[in-house]
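Structure record follows, encoded as structure tokens.
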Amino acid sequence: MDIKQNFFQLYSLPRCYAVDLSQLQNRHRQLQRKFHPDRYVTATTADQRLAVQVTAYLNQAFKTLKNPVARGVYLLELAGLEPLAVSKTQMPADFLLQQISLRESIDDLPKSLNMDQDISELFNRLQQQYKAIEIEFANTYGNGELSKAEVAIRKLQFMERLEQQLQLQAEVLMELK
Amino acid sequence: MALLQISEPSQSSKPNQRKLAVGIDLGTTNSLIAIVRSGQADTLPDINGNHLLPSIVRFRKHTYPQVGHSAKNHIIDDAANTVVSVKRLMGRGVQDVKSLSNSLPYAFEQGNQGMLMLKTIAGQKSPVQVAAEILRTLVEHGETSLGGKLEGAVITVPAYFNDAQRQATKDAAKLAGVSVLRLLNEPTAAAVAYGLEHKQNATVAVFDLGGGTFDISVLKMEKGVFEVLATDGDSALGGDDFDYAIATWICGNLGLEAELNLPQQRYLLCQARMAKEALCKTESIVIPLDQWPSSNATVALPQDQILLSLEQMNELLDPIIDRTISVCKQTLKSAEVTITNLDQVILVGGSTRTLRVRQQVSAFFQCQPLTSIDPDRIVAIGAARQADVLVGNKNHDELLLLDVLPLSLGLETMGGLVERIIERNSPIPAAQAQEFTTYQDGQTAMMIHVLQGERELVQNCRSLARFELQGIPPMVAGSAKIRVTFQVDADGLLNVSARELSSNIVSEIQVQPSYGLTEDQMATMLQDAWGYAETDQISRGLHEQKVKAERLIIALEKALEADGERLLTQDQLVKLRKGLQTLANLSAGQDHEALAKGVDQLTKASDEFAALRMDESIRQALAGQPINVI
């Protein structure tokens, strides 16, 4: 069965970047209650199979819409673009320089004399930038400037990875303490 | 749109009849069967009042195998034909088991394709057949004491069981003639047993240490929804390893260096287990060794007893317990839960009776673990609760279990690397597609190798299956597009399909585990099983098909009445009505194979109609909800 509804239609949500996460969570739960294969144990095998498909689709939809990067990528894919294609690796130079400097700050953390504070400051810096890029994406996408939106979502992906690295580094340093 | 409210065939004649659905805990050491009666879930005792059936099967020549206590009496004097801890062998290959075999007292041999077989006086037996004997005993016992045929069973498996181990468990149920409503993860079952008793919202960890397997799951319980956040474990770690450590210590202390025979190994492991259990109540114990089976042996004992202190035993067990604790750390991290925001820890499994385990678990989680439900019985009780809901005896709204995939699934790519398709701890059912391409000009076939595990290299992951996608049109390297779709169902079982996008060549498999049973082997074993079964398995098969047919007929009639005119063309309508009539005729007969075929055909014919209805149901599911509240 090909499910025709896109992820936004599925949850009856507007097709835009801003998503009310608690509403998404509630509706996801509501649909799970209705379509989970456990509800179909005494149904026909055809319905059982469909329930597995629908619930798997729901889980994929929920995971995609919950995550800011995946959601942005999905919006662009719905518009017929491939924002993460291998051919599109060009990033603005100033952004790359900024990335390098942030990465250096993470690498330098073990040498820090005031580690807790440095870590939390770095987290704040990353989060501020993350939010700024999210706004950039929402605006460009909203205005139909899709090639700019593509750049923005790739930036957001860079930031997501950087934050994961910081998380990892912070955990290692806390263990050592 | 009442897609879900389909009445049951058996309900139509006797509307208020409760359906007999049981929970079965197929354990390494003991197995149990449980049921819900008048709202209470409890395990069923046998005629002697025993709730635990030892998971032991003794094969005999020209007669039925013994199962349970009667088999247990022979684990030393007939060690070669008496199989214990078979769960540790489920879904494993010979190579796979060699890493375990120092702690496994069996005689194995290699069957087809590296499949593991046990050598017994009644011939080669696959672990699936052994497990089927245990299930059969429980089911017969259940049906006798409940006075009717079972609708089906929820069978529990360790959360960390991989695809092959789950499939093996399902195969065993098929051999035993019991219909599986769901494979349920053991820690989740335990959480259900506690959660429904206490009805509170909480985040809990379930620490489940059985005879041969270890699981840890972190769950969020909220208004009847049990959501597993993360799970981890070791499907080859358990109380058996404690016994083995103690037995090894005895050998070392007595200076036994020569190879022990099977009865001697079994004897030492039994004495080790007794000592382990006794040391819950006392500071030290004298382990008697005077029954040493030396008649046909070259190894004599220098003394006929040995002293083991609690302190000494703890030292032996700590390295094993430490392994469980480091897995716990990892799981909390995956679940994004810290020890401070964890509300409770539930202890499950007989091995959590060992004092040292309790101490170490309490110390790590910084709390007193919950043990108010018998750790041996809790899993079966939780399974019975779910079975009761699944067959519709209880309102569905009371319970929703959302479980996860325990181990990542992936494919082999160039250079022996694994490309992960579905990450572990993803909620199930799950589906994910990934596109691959050819690496040689004119390549017309592609080998698809499915793996399960967390490591980067193919050789370090569990190989689940290989299959070939053929008929790819010859193209320049890198221009074919092959989409491989993984789908995991609610039992945690994988289905893989591959499709070449330009030519639409499709290849689909239900993953047949590399060391699993083939269709042919299953058919032969089913026949063997029917050959000597006391209950008439053929009538069981016919009954099963009739239930299926009746279910399909009633569901389809209802669906046609509700939506047929609206969603189908006249042609389609006529065709389905004809199909209904044909199946009704077959159902009145006695030919179970023809009936099975008929059910299959009508299911296929009505597939599209079912999909149309499901699609409509999705569109209407959130109807009436505001589109935009942002």
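Everything numeric here is computed off the predicted structure, so don't read it as measured data. Naming convention: chains lettered A, B, ... in sequence-line order (proteins, then strands); numbering from 1 in each chain.
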Contact part of B/K604 toward chain A, heavy-atom cut-off under 4.5 Å: side chain, backbone, both or neither?
neither

Side chains of A/Q32 and B/V225: does their closest heavy-atom pair fall under 4.5 Å?
no

Using only heavy-atom distances, determine whether the side chains of B/D489 and A/Q48 contain a donor-acceptor pair under 3.5 Å.
no

Heavy-atom contact with chain A under 4.5 Å, split by part of B/E608:
neither

At a 4.5 Å cut-off on heavy atoms, which part of A/L31 comes close to chain B: side chain, backbone, both, or neither?
side chain

If you count heavy-atom pairs under 4.5 Å between each of A/Q60, A/R29, A/K63 and chain B, which one has the most?
A/R29

Has A/E171 got more than 12 heavy atoms of other residues, nucleotides or ligands less than 6.0 Å from its CD?
yes

All heavy atoms of A/R33 vs all of B/K223, minimum pair found to be NH2-O, 3.5 Å

How close do A/I3 and B/I618 get, heavy atom to heavy atom, and via which atoms?
CG2-CD1, 4.3 Å

I'd like to know if the side chain of B/R551 and the backbone of A/T42 have a donor-acceptor N/O pair within less than 3.5 Å.
yes

Distance col, row B/D615:CG vs A/K4:NZ, nearest 0.5 angstrom, shows 4.0 Å

Contact summary for A/R39 and B/L399, nearest pair of heavy atoms:
NH1-O, 3.5 Å

Write down the atom of B/S617, the atom of A/K34, and the distance for their closest heavy-atom approach.
OG-CE, 3.6 Å

Cationic N near anionic O, under 4.0 Å, A/R49 to B/D607
yes

B/V488 portion near chain A, given a 4.5 angstrom heavy-atom threshold
backbone

Atom of A/D47, atom of B/M614 and distance for their closest heavy-atom approach
O-CE, 3.9 Å

Considering non-hydrogen atoms only, spot the tightest contact between A/D38 and B/Q386 and give its length.
OD2-NE2, 3.1 Å

Applying a strict 4.5 Å limit to non-hydrogen atoms, the region of A/Q9 in contact with chain B is neither

From CA spacing to verdict: side-chain contact (heavy atoms from CB on, under 4.5 Å), B/K548, A/T44:
CA-CA 8 Å; B/K548 258 192 183 168; A/T44 60; over 6 Å; no

Side chain, backbone, both or neither: which part of A/L58 has a heavy atom under 4.5 Å from chain B?
neither

When the 4.5 angstrom heavy-atom criterion is applied to B/I428 and chain A, the contacting part is backbone

Check whether any side-chain N or O of A/N59 sits under 3.5 Å from a backbone N or O of B/P429 as a donor-acceptor pair, and report yes or no.
yes

